[in-house]
There are 2 protein chains.
Amino acid sequence: MPTVEIRRADILKASAELFAAKGVATTTVRAIASQVGVRSGALYHYFPSKDAIVQELLHTYVRELKARYDEEAPRSLEPRVRLRAIVEVSLRTAADDPHTTTVYQSELTNLRDVPEYRHIKELADEAQQCWLEAIDDGKRAGVFRDDIPSKVFHRFIRDAVWLSVKWRHPEDAYTSEDLARDCMAIFLDGFAA
Amino acid sequence: MPTVEIRRADILKASAELFAAKGVATTTVRAIASQVGVRSGALYHYFPSKDAIVQELLHTYVRELKARYDEEAPRSLEPRVRLRAIVEVSLRTAADDPHTTTVYQSELTNLRDVPEYRHIKELADEAQQCWLEAIDDGKRAGVFRDDIPSKVFHRFIRDAVWLSVKWRHPEDAYTSEDLARDCMAIFLDGFAA
DNA sequence: GTCTATAGCGGGATAGAC
DNA sequence: GTCTATCCCGCTATAGAC
């Protein structure tokens with residue numbers, strides 16, 4: 001295990017923290033270096049640019065997310081079960097890496113339109129297709145109501161799940177499992193008594 | 001009607017558009033001036049700083065939002081009716097001014113911790129208290145289920161409503177009234193068939 | 001009231017010593 | 001591999017002409 005990989009991981013971790021707290025644009029390379037405990041020049045031995053840090057952070061994140069969806073929420077599952085699996089995987093991912101999740105949710109759409117980010121956005125789209133498949137399959141199977149546009153329900157549940165990273169903290173007594181259960185309860189059965 | 005007020009309004013409008021599209025931090029004063037059709041120096045006859053533009057934009061917005069909640073969703077309404085009114089007012093506000101809504105949702109939490117923003121954040125908190133009151137009153141009245149934390153339901157429906165500004169466009173055939181109806185349908189009765 | 005021009009600053013990135 | 005030092009750029013904000 002070469003030291004260079006450890007340093008790269010340190011840099012990515014520090015970057016994620018700062019990016020999540022103050023935004024990518026307002027986080028300086030000097031601040032990242034300071035968090036890691038080196039001078040800014042040293043960072044450039046590990047990454048060619050600040051942009052490259054953002055790219056690697058998000059690329060790794062979304063690649064892993066898509067892999068987890070494919071692994072734990074295959075299309076062969078019954079739609080309600082699959083949707084629940086997607087919610088659980090997402091919430092677990094958010095709990096495992098809340099900082100990168102925040103960056104992913106807050107800034108992916110606004111990032112520069114360079115080919116690198118285009119590729120990341122395509123991967124993100126693929127991941128989100130899993131949600132839509134489960135919803136549409138469920139409608140066809142008659143387990144979800146068909147008087148609500150799939151896109152609308154998708155945005156609602158998707159935002160509920162992902163935005164939880166902004167208010168549920170990992171050390172809360174209210175765990176991501178609690179949240180997954182309540183999420184499914186509300187979105188499937190409603191909040192009416 | 002002095003020209004100065006019109007110019008100020010032009011500047012605020014252009015700023016909101018650019019801030020929403022690319023974020024406050026990455027929007028330059030020069031870009032705002034260019035959008036208005038003047039040079040950057042001219043802006044400083046209307047606002048003392050870029051920060052002052054952001055502040056006035058958000059202060060006006062949140063003050064108006066709170067006033068609308070008080071006017072159209074008073075506590076005297078039955079909880080479900082009040083919640084629906086809050087949802088409708090919010091969606092109408094988002095449709096009326098999608099750009100400032102986007103800034104309000106994306107950047108309020110991350111803005112500098114100066115007293116000016118503190119005041120705006122307090123107003124925003126007051127506005128969000130209306131949601132929580134309606135939810136808690138509904139629980140006490142027995143019309144909402146009490147096995148889900150109010151805070152959780154609040155975040156879910158709040159994010160569903162406000163984040164719609166990122167995907168529903170004002171000219172969509174799917175109107176904000178359609179969205180309000182579907183929102184209440186999902187959150188009260190659920191998506192299960 | 002808007003312009004041109006620029007001061008002043010802080011940012012990303014680089015060069016070269018150690 | 002990290003440092004110091006610095007280049008170069010673009011930004012906010014200001015000064016002063018028109």
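Here is the naming used below: chain letters follow the sequence lines, and residue numbers restart at 1 for every chain.
One interatomic measurement links the two molecules: CZ of B:Arg7 to C1' of C:dC3, which rounds to 13 Å at whole-angstrom precision. Rounded to an integer number of Å, the gap from CG of B:Leu43 to C1' of D:dA15 is 17 Å. In this structure, B:Lys22 places its NZ atom 12 Å from C1' of D:dG10, rounding to the nearest Å. Between the CD1 atom of B:Ile11 and the P atom of D:dT12 there is a distance of 14 Å, rounded to whole Å. Between B:Arg39 atom CZ and C:dA5 atom P there is a gap of 10 Å when expressed in whole angstrom units.
Nucleic acid contact for A:Phe47: none, since no nucleic acid atom lies under 4.0 Å from a heavy atom of the residue.
Aromatic ring pairs are classed by plane angle as parallel below 30°, tilted from 30° to 60° and perpendicular above 60°; the pair A:Phe153 and B:Phe191 is parallel.
A side chain to side chain contact (heavy atoms under 4.5 Å, CB included) with B:Leu179 is found for one member of B:Val161, B:Leu91, B:Val87 and no other, namely B:Leu91.
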Classify every nucleotide of nucleotides 7-13 of chain C by which part a protein heavy atom approaches to under 4.0 Å, writing B for the base, S for the sugar-phosphate alone and - for neither, in 5'-to-3' order.
-> ----BBB
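Using a 4.5 Å heavy-atom threshold, the side chains of B:Trp162 and A:Asp159 count as separate. Side chains of B:His59 and B:Glu116 form no contact here, defined as non-hydrogen atoms less than 4.5 Å apart.
Remark: A:Tyr117 OH to A:Asn110 CG distance equals 11.5 Å, nearest 0.5 Å.
The cationic group of A:Arg80 does not satisfy the cation-pi geometry with A:Phe144, failing either the under 6.0 Å distance to the six-membered ring centre or the 45° limit from the ring axis.
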